[in-house]
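Please read the structure below before turning to the comments.
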Amino acid sequence: MSNQTSLPANSELLALQTQFTQHLRNPDTYPVPEGLDERRVGIYSELIFHNISGLMSEFFPVLHQILDDSDWDRLIREFFINWRAETPYFPRLAEEFLAFLMSRPGTNHEPEYLQPLAHYEWLELYLFIHEAELPDSILDTNELISAPLKLSELAIPIAYQFPVHQIREGWEQQNAATYLLVFRDSSDSIRFFELTPMAYELLAAMTESKDGIIATQWLKQKAATLGQDETGFVNFGLDLLQQFNREHLIYAETGQ
């Protein structure tokens, strides 16, 4: 939480609060404030730490699984000490924890894929609690061919340098460019499609364009750039979009 307060700078209560929160964040460095019961403060300190640790293990279950207990506790304690979260909402703490992980260089004994894995797990939570809704209906063939297309806010194309969706306890590290479409389906389940680089580029273009893209035009230009047969390339791309369309992940910008 932030340290903003309306108490005067020379307030004894403010000084006590500061000493108390310093101890809660880092009990090994800051002693229990004078006048407070050590045993009770210790119980409270452990309770807060384990509550946050438990919450983060729910938000990042695979990350928790691949780290041993001492490394996980060390990471949570570092989060306590070094990060000043701005949100009072528990689900948003996952985003704060991700920001903390992305801000630090990491250590030699931590896996290289710690940050990408954490981002992937956060993305699942982000989509689960997102307030957007999928389009009510799918596009017809003419719209798919000629209308400016956008990707639903509940579908996010993302690239990682590791196959984050395969990581689990005992996983042997492998560096491999990985392209995914992570999305929330009509039953509110979080799922993903593995993408080719071309499919990722197409979906990313649909996401980044303010007004949407006409897929056939984009595919024709890409076919020319790659020296591919235009007809086959466009048909392949439209078949791919039809798969996403059946999941209600695409809408026509002019039809919103």
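Quick caveat, the model's predicted, so the values are computed rather than measured. These values consider heavy atoms only, across backbone and side chains, with no hydrogens, waters or symmetry-generated copies.
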Exercise. Can you list the steps and then say if Phe49 with Asp73 is a side-chain contact (heavy atoms from CB on, under 4.5 Å)?
Worked result: CA-CA 9 Å; Phe49 179 84; Asp73 287 349; 4.1 Å; yes

For this session: Would you name the heavy atoms of Leu98 and Ala118 that are closest together and state the gap between them?
Result: CD1-C, 3.8 Å

Exercise. Can Met102 be reached from Leu67 by stepping across I, L, V, M, F, W or Y side chains whose heavy atoms are under 4.5 Å apart?
Worked result: yes

Exercise. Side-chain contact, heavy-atom cut-off 4.5 Å: Glu110 with Arg104?
Worked result: yes

Exercise. Within a radius of less than 6.0 Å around CD of Gln243, do more than 12 heavy atoms belonging to other residues, nucleotides or ligands occur?
Worked result: yes

Problem set entry | Side chains of Ser146 and Thr216 in contact at under 4.5 Å (non-hydrogen atoms) | no

For this session: Compare every heavy atom of Lys220 with every heavy atom of Val234, then report the nearest pair and how far apart it is.
Result: CG2-CG, 3.7 Å

Exercise. Is the side chain of Glu121 donor-acceptor paired with the backbone N or O of Val62 at a distance under 3.5 Å, no angle test?
Worked result: yes

Exercise. Are Tyr160 and Tyr179 near enough that their ring centres are under 6.0 Å apart?
Worked result: no

Problem set entry | Spacing of Lys222 atom NZ and Leu219 atom CG [to the nearest 0.5 Å] | 10.0 Å

Problem set entry | Residues Asp211 and Ser209: side-chain donor-acceptor under 3.5 angstrom | no

Exercise. Given side chains that start at C-beta, do those of Leu203 and Leu241 come closer than 4.5 Å, heavy atoms only?
Worked result: yes

Problem set entry | Trace of the side-chain contact (heavy atoms from CB on, under 4.5 Å) decision for Met206 with Lys150 | CA-CA 5 Å; Met206 291 168 59; Lys150 289 279 290 178; 5.7 Å; no

For this session: Verify the cluster assignment for Ile214 and Trp218: are they in a single hydrophobic cluster under the rule of side-chain heavy atoms below 4.5 Å apart?
Result: no

For this session: Classify the side-chain pair His119/Gln115 by whether it contains a donor and acceptor separated by less than 3.5 Å.
Result: no

Exercise. Can Leu47 be reached from Ile52 by stepping across I, L, V, M, F, W or Y side chains whose heavy atoms are under 4.5 Å apart?
Worked result: no

Exercise. Using the benzene-type ring in the case of Trp, are the ring centres of Phe183 and Phe244 under 6.0 Å apart?
Worked result: no

Exercise. So how far is it from Asp71 CG to Glu78 CD, rounded to the nearest 0.5 Å?
Worked result: 11.0 Å

Seminar exercise, completed: Output for pair (Leu117 CG, Leu101 CG), nearest 0.5 Å, gives 10.0 Å

Exercise. Shared ILVMFWY cluster between Leu63 and Leu123, side chains joined below 4.5 angstrom?
Worked result: yes

For this session: Nearest 0.5 Å please: distance from the CD atom of Glu143 over to the CD atom of Glu253.
Result: 12.5 Å

For this session: Mark yes or no for whether Ser53, through its side chain, and His50, through its backbone, hold a donor-acceptor pair below 3.5 Å.
Result: no

For this session: Could you tell me whether the side chain of Arg184 and the main chain of Glu153 form a donor-acceptor pair under 3.5 Å?
Result: no

Exercise. How far apart are the closest heavy atoms of Gln166 and Trp171, and which atoms are they?
Worked result: O-CD1, 3.5 Å

For this session: Would you check if there is a donor-acceptor pair between the side chains of Asn245 and Gln242 at a distance under 3.5 Å?
Result: yes

Exercise. Does a side-chain heavy-atom distance below 4.5 Å link Leu202 with Ile213?
Worked result: yes

Exercise. CD1 of Ile138 to NE2 of His248: how many Å apart, nearest 0.5 Å?
Worked result: 6.0 Å

Exercise. Same cluster or not: are Ile81 and Met56 linked, directly or through other Ile, Leu, Val, Met, Phe, Trp or Tyr residues, by side-chain heavy atoms under 4.5 angstrom apart?
Worked result: no

Seminar exercise, completed: For Phe80 and Arg84 the tightest heavy-atom approach is O-NH1, 3.9 Å

For this session: Scan Phe97, Trp72, Phe59 and name whichever one has a ring-ring contact (aromatic ring centres under 6.0 Å, His included) with His64.
Result: Trp72

Problem set entry | Residues Glu96 and Trp83: side-chain donor-acceptor under 3.5 angstrom | yes

Exercise. For Asn175, does the CG atom sit with more than 12 other heavy atoms under 6.0 Å from it, leaving out its own atoms?
Worked result: yes

Problem set entry | Side chain to side chain, Ile167 and Tyr113, heavy atoms closer than 4.5 Å | yes

Seminar exercise, completed: Of all heavy-atom pairs linking Leu134 and Ser186, the shortest is CD1-N, 3.6 Å

Problem set entry | Shortest non-hydrogen contact between Ala132 and Leu154, atoms and distance | O-CD1, 3.4 Å

For this session: May I ask you to check whether Phe236 and Phe233 place their ring centers less than 6.0 Å from one another?
Result: no

Problem set entry | Test log, rule side-chain contact (heavy atoms from CB on, under 4.5 Å), inputs Leu149 and Leu139 | CA-CA 10 Å; Leu149 304 181; Leu139 303 177; 3.5 Å; yes

Exercise. In Å and rounded to the nearest 0.5 Å, what is the CG to CD distance from Leu125 to Glu58?
Worked result: 10.5 Å

Exercise. Got Val182 and Pro157 here, is their nearest side-chain heavy-atom distance under 4.5 Å?
Worked result: no

Exercise. Does one side chain, of Asp185 or Ser187, offer a donor that lies under 3.5 Å from an acceptor on the other?
Worked result: yes

Problem set entry | Stepwise side-chain contact (heavy atoms from CB on, under 4.5 Å) test for Ile66 and Leu114 | CA-CA 9 Å; Ile66 65 171; Leu114 186 145; 6.0 Å; no

Exercise. According to the interplanar angle, ranging from 0 to 90°, do the rings of Phe79 and Phe100 count as parallel (below 30°), tilted (30 to 60°) or perpendicular (above 60°)?
Worked result: tilted

Exercise. Quick one: does Ser152's side chain have a donor or acceptor within less than 3.5 Å of a partner on Ile250's backbone?
Worked result: no

For this session: Tell me, yes or no, whether the heavy-atom count around Glu38 atom CD, taken from other residues, nucleotides or ligands under 6.0 Å, exceeds 12.
Result: no

Exercise. Would you call Ile156 and Leu180 a side-chain contact if the rule is heavy atoms closer than 4.5 Å?
Worked result: no

Exercise. If we only count heavy atoms from C-beta on, is the Leu195 to Thr178 side-chain gap below 4.5 Å?
Worked result: no

